[in-house]
Asker: 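Starting off with a structure, shown below.
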Amino acid sequence: MAGRAPLFNPSAEALTALYAALLARYGRQPWWPAETPFEVVVGAVLTQNAAWTNVEKAIARLRSRDLLSLDAVLAAEHDALADAIRPSGYFNVKARRLRSVCAFLDDAGGMQRFARRDLATQRSGLLAVHGIGPETADDILLYALDRPVFVIDVYTRRLLQRYRLARGDEPYEVLRAGFEAALAADVDLYQQFHALIVVHAKAACRKTPLCPTCVLAPACPGGR
DNA sequence: TACCAGGAGAAAA
DNA sequence: TTTTCTCATGGT
């Protein structure tokens, strides 16, 4: 019996053209918005189902309370941690998740030692942490550890759906594998591509009924 | 007032 | 195995 066709098998040309169009439209993005790799880890957890503006407030509160370090998070009381991250929502859940990932990194010898492990070990380790799903793990790998992992988020799904490159409801790993199979394992490319997808999703042009000036025209989702 | 925003895990069907 | 529910705040 023939195997089922891949759910998501984009051509390199299609993805490269999409990336080029986004880059031409929006330019290079200063992404991920964080000062340190550890801050990326914190942001990746806090941004779960939350607006980034609220995450920024939570991170600022952590910084002002000297809680923006692995040791400080592990030493903090749950209530103190939860109160600091309150603006990002789900603060009780996220406080536990933050402590879980910090405990994992601490067991691994800290961020720097963890960064030296091979990618497969890093990814499986992160995914085994309570509260760290594939998107959060890949955010950490790509933006904190500079590993070539393509991040799939809701914006990526919508974009693929609108360009009819995918249905949009494929499993996370199917979409990630599709991007990584079609594109070279280039950290900068992956970082910029994901950032541009997010920027495009938030841009006003997405919401307009027609977008003749957008470089993505005539395929711009806004024109559909 | 209602809805949405860069998820993930647990429980229920 | 798949679907639904829960967690929670702040902006529009």
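In what follows, every chain begins at residue 1, and chains take the letters A, B, ... in the order their sequences are listed.
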Asker: Check the distance between B:dC4's P and A:K202's NZ and give it to me in whole angstrom.
Answerer: 16 Å
Asker: How long is the gap from CD1 on A:I132 to CG on A:L98, to the nearest 0.5 Å?
Answerer: 8.5 Å
Asker: Can you tell me the distance, in whole Å, between the CG atom of A:D138 and the P atom of B:dG7?
Answerer: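 So the CG-P distance, A:D138 to B:dG7, works out to 14 Å.
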Asker: Which is more 5' along DNA chain B, the nucleotide nearest A:G131 or the one nearest A:Y143? Just name the residue.
Answerer: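 It is A:Y143, whose closest nucleotide lies nearer the 5' terminus.
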Asker: What is the nucleic acid contact for A:V199, judged by heavy atoms within less than 4.0 Å: base, sugar-phosphate only, or nothing?
Answerer: nothing
Asker: Expressed in whole Å, how much space separates the P atoms belonging to C:dA8 and B:dA11?
Answerer: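 To the nearest whole Å, 16 Å.
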Asker: Using a heavy-atom cut-off of 4.0 Å across all strands, would you classify A:N92 as base, sugar-phosphate, or nothing?
Answerer: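 Answer is sugar-phosphate: A:N92 comes under 4.0 Å of backbone atoms only.
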Asker: Flag the pair A:D138 and A:R123 as a salt bridge only when some basic side-chain nitrogen lies within less than 4.0 angstrom of an acidic carboxylate oxygen.
Answerer: yes
Asker: Classify the side-chain pair A:T156/A:D153 by whether it contains a donor and acceptor separated by less than 3.5 Å.
Answerer: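 The criterion, which ignores hydrogens and geometry beyond distance, is satisfied for A:D153 and A:T156.
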Asker: DNA chain B: A:H194 or A:V129, which has the more 5' nearest nucleotide?
Answerer: A:H194
Asker: Could you give the CG-to-P distance, from A:N49 to B:dC4, as a whole number of Å?
Answerer: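 Spelled out: CG on A:N49 to P on B:dC4 is 12 Å.
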Asker: What nucleotide among B:dG7, B:dA10, B:dA5 has an atom nearest to a side-chain atom of A:H130?
Answerer: B:dA10
Asker: A:Q161 and A:D169: side-chain donor and acceptor closer than 3.5 Å?
Answerer: no
Asker: Would you indicate which nucleotide in B:dA5, B:dA8, C:dA8 comes nearest to any side-chain atom of A:T136?
Answerer: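 Closest nucleotide among those given: B:dA8.
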Asker: Please determine whether the number of non-hydrogen atoms from other residues, nucleotides or ligands lying under 6.0 Å from atom CD of A:E77 exceeds 12.
Answerer: no
Asker: Figure out the CD1/C1' separation between A:I152 and B:dA8, and round it to whole Å.
Answerer: 17 Å
Asker: Tell me: NZ of A:K57 to C1' of B:dA5, nearest whole Å?
Answerer: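 Value for this atom pair: 13 Å.
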Asker: Starting at CZ of A:R86 and ending at P of C:dC7, how long is that distance when rounded to a whole Å?
Answerer: 15 Å
Asker: Work out how far the C1' atom of C:dT3 is from that of B:dA5, and round it to whole angstrom.
Answerer: 22 Å
Asker: Given C:dA8, B:dA5, B:dG7, which nucleotide is nearest the side-chain atoms of A:Q48?
Answerer: B:dG7
Asker: Rounded to the Å, how far apart are A:Y90 OH and C:dG10 C1'?
Answerer: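 In whole Å, C:dG10 C1' and A:Y90 OH are 13 Å from each other.
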Asker: Provide, to the nearest angstrom, the distance between the CG atom belonging to A:D139 and the P atom belonging to B:dA8.
Answerer: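 Going from A:D139 (CG) to B:dA8 (P), I get 8 Å.
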Asker: Between C:dC7, B:dA8, B:dA5, spot the one nearest the side chain of A:R97, thanks.
Answerer: B:dA8
